[in-house]
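Shown next, in structure tokens, is the structure this report addresses.
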Amino acid sequence: MFISFNVNKFCSIIPGNIFIRSPFFCSSMRILFIHSDFIDYRVREKAIEGAEEYSASEERIEECLVAFISVESKDDRQVAEKAVNEIKDVANKVDTRRIVLYPYAHLSSDLSDPDTAKSILSMIENGLRSEYEVHRAPFGWYKSFTISCKGHPLSELSKQIGGGEEEPEALKKETTLKTYWKILYDGNLYDIDVFDFTGHEKLRDFVNYEISGTRAVVDVPPHVKYMRSLEIADYEQGSDSGNLRYYPRGKLIKSLAESLVTNYVLDYGAMEVETPIMYDYEHPALKSYLQRFPARQYTVLSGDDKYFLRFSACFGQFLIAKDALITYKQLPLRLYELTRYSFRREKHGELVGLRRLRAFTMPDMHTFVQDMETAKDEFLKQFKLSISVLKDFGLDLNDYEVAVRFTSDFYKENMKFIQELGELVKKPILVQVWEEKFFYFVLKFEFNFVDNTKKAAALSTVQIDVDNARRFNITYIDERGEKRYPLILHCSPSGAIERVMYAMLEKAEFLKKEGKKPVLPFWISPVQVRIIPLSEKHMEKSNEILRMIESAGIRVDIDDREITMQKKIREAEMEWIPYIVVIGDREVSTGTLNVRDRYRDKTREIPLSEFIEELRNCVRDKPIKKINESIFLSKRVKFV
RNA sequence: GCCACCGUAGCUCAGUAGGUAGAGCGGCUGACUUGUAAUCAGCAGGUCGGGGGUCCGAUUCCCUCCGGUGGCUCCA
């Protein structure tokens, strides 16, 4: 599942950092700017044979912009021109007319040959000479220098200038890409600024998040404290940031969530496959694709070979589909994998709890279809599938915001279809229209969860991909025996599993804010029933009841510790356990249970057999797994 | 990636105007044998995130690295 709608610059400006991105893609000139009170350099001795002739021995230039430059192996005239523009840009910002070009090999490990470097430096010098006073330190000499950096915010910058041919067409378009934002409601499209968001506050938060980028200043999102206090997951300092550890309860929740999504997708008609987690940088199909995404992946060096860790299951499934013999009779063909893990080296400042990780678990289904009509039909079905999946996680349409994005061409031909999506959810949705196709897809939706800090995170999503069959050479045989490219739907019916866990925890916090007790859906609660014996003499009866509940496939445990009953109840409540059953003399004699019910927030009397039947109904059609720790609380380890 | 703040016992946090630290919870031991969110007492537990510097002396001041968080930027 490739997900993108915002755009990023191919080469970014990161002050104070010279090595900006992975060197594996294309070469690019590197420049370090220092706005200086002065620079003073002395030429010592020749460093290389091709050193430039130079007569003076010392030079001092006052009040100038010094550009330390490394020319890299593939730099050319085009790069020189860009460099001229960059230097002009910086010179104007710091308001100086005096520029020192200083050849400086140490910014790069992939240098060009000396002749190329000299000619490119000359090109830059000539490009600047008409407007600036340009000084040039000689190339190919060892030099000593003293520099005085002004130290204001713009006085130190590093830039990387990419080669023209390496920059993909699609990325150039980014800057000129036009999009429109609308709200679709009751079959009408409204402008954002005239739409009345009353009663749709979360949608407004989502819209703000998407369009204006405004963010409320708030604390850590509440799911982070729950993720630790409920012993679900935790940061792992021994790994890279964004790679979490899961404790037994978290692992259980995660497994159950994975099973649920997988069951849905298999019922929907997909075939589960498994594909490698790392791929060759030099593979032709992947290479052309990867060029669009600057250094966002983990790199693995194995001997002399370079691999990247997958960021979705797309490659693996596309490479399978490419080699498969597919005929029109077998379409739609659906392949599915639950990627454990997908990897994205998200920026450090972006990582938070379970909301955004560098290693995450992504259910990813690809549906290959013949034509747009079938694609739309599948899109609609998968839209509904996604709603069902999220519902089982306790997330209904009020808990997330719907965004639909498409190209204007697609809209012209499919207005009714888009309106149908709006009618399905019966609430306003955010619409983004691209003037022309920029990504590989023409239509996508996402369900976005807005959390307690008013930040949005995408959950379910489906896209109609019109490009990648061609790129990966995936074909099917049509009715006339000819090879044709299918359309491909990318679908993650839940979004990343960790993100679903995040949404459930954030939703629990919303419940708490409403004065209700935070809780997880019954089927996914790591402990569903806790038995609390009133004293030691009730242990035997407690064990008996435990076995009966357990045999119905319910996760039940027993608090056999020698502490007060009040304390046991308090702790069970803090663990969000749905049902708490105290066993004392009354229960032993009557056989009726007194159940403390967290969903209804009350205690009630119920015969054991009825209680078991009720629980059994709650987990019908849901994945069932055994408890993942000792059933005896006295044997439990505290992980946090 | 940039900027800011934070990192003290297993957890949550207090404190030290520079002289190596304290509470609550948790743990252990003992008493209590309990009817729906914390029974009482005693004990143990810390190279004050890592490294470097200044100083007679650093957990405290400075630098740096790591980790966390917020903002910016960005998000296949």
Side-chain angles (χ1 to χ4, degrees), chain A residues 1-9 12-21 153 156-158 170 210 213-221 224-225 228-229 231 234-242 289-297 308 310-315 342-353 355-356 358 362 364 439-441 444 453 455-458 461 463 465 468 490 492 517 530 532-538 562-575 577 580-587 594-598 602-604 637-640:
Chain A
M1 172 63 46
F2 312 138
I3 302 167
S4 167
F5 36 91
N6 290 330
V7 286
N8 60 298
K9 294 274 181 294
S12 49
I13 302 162
I14 302 167
N17 193 336
I18 294 161
F19 299 100
I20 294 168
R21 63 186 182 80
E156 297 168 87
L157 288 174
S158 78
E210 276 288 310
T214 341
R215 269 127 218 191
V217 181
V218 280
D219 289 331
V220 187
V224 176
K225 80 171 180 255
R228 303 193 67 238
S229 67
E231 296 197 345
D234 209 342
Y235 298 114
E236 175 51 73
Q237 303 213 349
S239 182
D240 188 20
S241 311
Y289 190 84
L290 268 175
Q291 291 213 344
R292 289 196 35 184
F293 306 114
R296 274 260 161 177
Q297 48 278 333
F308 64 92
R310 66 175 173 199
F311 45 82
S312 71
C314 301
F315 315 112
S342 287
F343 296 92
R344 294 178 198 176
R345 255 191 68 83
E346 301 291 7
K347 291 184 180 177
H348 212 269
E350 272 302 306
L351 304 167
V352 205
R355 184 170 63 201
R356 171 152 294 178
R358 284 182 172 175
M362 188 80 160
D364 205 350
F439 301 102
Y440 54 83
F441 49 80
K444 77 174 285 198
T453 68
K455 291 210 175 189
T461 175
Q463 309 162 355
D465 175 350
N468 278 308
H490 302 237
S492 186
K517 287 184 173 175
R530 164 132 330 145
I532 298 180
L534 206 49
S535 74
E536 263 173 66
K537 64 179 179 186
H538 304 111
E562 293 184 19
I563 54 175
T564 60
M565 179 219 45
Q566 278 88 346
K567 188 147 190 173
K568 291 178 183 177
I569 288 173
R570 176 178 148 83
E571 292 191 11
E573 292 279 4
M574 293 196 304
E575 287 178 42
I577 293 172
I580 301 166
V581 181
V582 176
I583 306 297
D585 288 340
R586 288 208 300 262
E587 286 71 23
N594 192 303
V595 176
R596 195 177 162 108
D597 183 331
R598 192 174 183 84
K602 65 174 188 186
T603 60
R604 57 197 167 98
V637 173
K638 272 184 73 75
F639 289 101
V640 179

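Naming: A, B, ... by sequence-line order, numbering from 1 per chain.
- The nucleotide B:rG18 finds no pairing partner, because no Watson-Crick or G-U wobble arrangement with both distances shorter than 3.5 Å includes it.
- At a threshold of 4.0 angstrom between heavy atoms, the contacts of A:Arg228 are confined to the sugar-phosphate backbone, with no base atom among them.
- When the P atom is used for both B:rC5 and B:rA41, the distance is 42 Å, rounded to whole Å.
- Taking atom C1' in both B:rU59 and B:rA17, one finds a spacing of 15 Å when rounded to whole Å.
- Distances from the side chain of A:Lys567 to the nucleotides B:rU34, B:rC25, B:rA37 place B:rC25 closest.
- The CD1-P distance, from A:Ile563 to B:rC40, rounds to 13 Å in whole Å.
- With both pairing distances under 3.5 Å, B:rC61 is matched to B:rG53 as a Watson-Crick or G-U wobble pair.
- Comparing the C1' positions of B:rG30 and B:rC56 gives an interatomic distance of 48 Å, to the nearest angstrom.
- Nucleotide B:rC72 is matched to B:rG1 when pairs are restricted to Watson-Crick or G-U wobble geometry with both distances under 3.5 angstrom.
- Taking the C1' atoms as reference points, B:rC11 lies 16 Å from B:rA38, given to the whole Å.
- Distance from the side chain of A:Ile569 is smallest to B:rA37 among B:rC75, B:rA37, B:rG26.
- Following rounding to the nearest Å, A:Glu231 (CD) and B:rG26 (C1') show an atom-to-atom distance of 12 Å.
- One can place CD1 of A:Ile580 at 12 Å from P of B:rA38, the figure rounded to the nearest angstrom.
- For A:Ser535, no side-chain nitrogen or oxygen approaches OP1 or OP2 of B:rU34 to under 4.0 Å.
- Atom-to-atom, CZ of A:Arg596 to C1' of B:rG35 comes out at 11 Å; the value is rounded to the nearest Å.
- Put simply, CZ on A:Arg570 is 14 Å from C1' on B:rU36, counting in whole angstrom units.
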_Evaluate A:Glu231 against A:Lys638 for salt bridge (Lys or Arg N to Asp or Glu O under 4.0 Å), listing each step before the verdict._
CA-CA 8 Å; A:Glu231 296 197 345; A:Lys638 272 184 73 75; 5.1 Å; no

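- Looking at A:His538, its side chain does come within 3.5 Å of a backbone N or O of A:Asp585 through a donor-acceptor pair.
- Here the nucleotide nearest the side chain of A:Leu534, chosen from B:rC75, B:rG35, B:rC32, is B:rG35.
- Between A:Leu351 atom CG and B:rC66 atom P there is a gap of 14 Å when expressed in whole angstrom units.
- The 5' end of RNA chain B is approached more closely, in terms of each residue's nearest nucleotide, by A:Val640 than by the other of A:Val640 and A:Lys517.
- Salt-bridge formation is detected for the pair A:Glu573/A:Lys517: a Lys NZ or Arg NE/NH1/NH2 atom is positioned less than 4.0 Å from an Asp or Glu carboxylate oxygen.
- Listed nucleotides B:rA37, B:rA38, B:rU34 differ in distance to A:Met565; the shortest reach to its side chain belongs to B:rU34.
- In terms of modelled atom types and a separation under 3.5 Å, the side chain of A:Arg596 and the main chain of A:Thr603 share no donor-acceptor contact.
- The C1' atoms of B:rC48 and B:rU12 are separated by 16 Å, rounded to the nearest whole Å.
- Remark: the A:Glu587 side chain and the B:rG35 base include a donor-acceptor N/O pair separated by less than 3.5 Å.
- In this structure, the nucleotide among B:rG35, B:rC75, B:rU36 sitting nearest to the side chain of A:Thr603 is B:rU36.
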*So A:Arg530 and A:Glu575, salt bridge (Lys or Arg N to Asp or Glu O under 4.0 Å) or not? Walk me through it.*
CA-CA 10 Å; A:Arg530 164 132 330 145; A:Glu575 287 178 42; 3.1 Å; yes

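- Among the nucleotides B:rC75, B:rG70, B:rA37, the one closest to any side-chain atom of A:Val352 is B:rG70.
- Side-chain proximity of A:Lys455 to B:rU36, B:rG71, B:rU33: nearest is B:rG71.
- Ion pair A:Lys602/A:Asp597 not flagged as a salt bridge, since none of the NZ, NE, NH1 or NH2 atoms sits closer than 4.0 Å to an Asp/Glu carboxylate oxygen.
- Put simply, the side chain of A:Glu587 gets close to the backbone of A:Gly584: a donor and an acceptor are under 3.5 Å apart.
- If A:Arg358 and A:His538 are placed on RNA chain B by their nearest nucleotide, the residue sitting closer to the 5' end is A:Arg358.
- Rounded to whole Å, the P atom of B:rA31 lies 49 Å from the corresponding atom of B:rG67.
- A distance of about 35 Å separates the P atoms of B:rG15 and B:rU73, rounded to the whole Å.
- Taking atom C1' on both B:rU39 and B:rG49, the two are 38 Å apart, rounded to the nearest angstrom.
- Considering only the side chain of A:Glu536, B:rU33 comes nearest among B:rU33, B:rC75, B:rU39.
- Here A:Gln566 lies in heavy-atom contact (under 4.0 Å) with sugar-phosphate atoms only.
- Using cut-offs of 30° and 60° for the angle between ring planes, the A:Phe315 and A:Phe308 rings count as perpendicular.
- Straight-line distance from the CZ atom of A:Arg355 to the C1' atom of B:rG70: 11 Å, rounded to whole Å.
- With a cut-off of 3.5 Å on both Watson-Crick or G-U wobble distances, the partner of B:rU39 is given as B:rA31.
- When Watson-Crick and G-U wobble pairs are counted only if both distances are under 3.5 Å, B:rG24 pairs with B:rC11.
- Here A:Ser241 lies in heavy-atom contact (under 4.0 Å) with sugar-phosphate atoms only.
- Between the CD atom of A:Glu573 and the P atom of B:rG35 there is a distance of 18 Å, given to the nearest Å.
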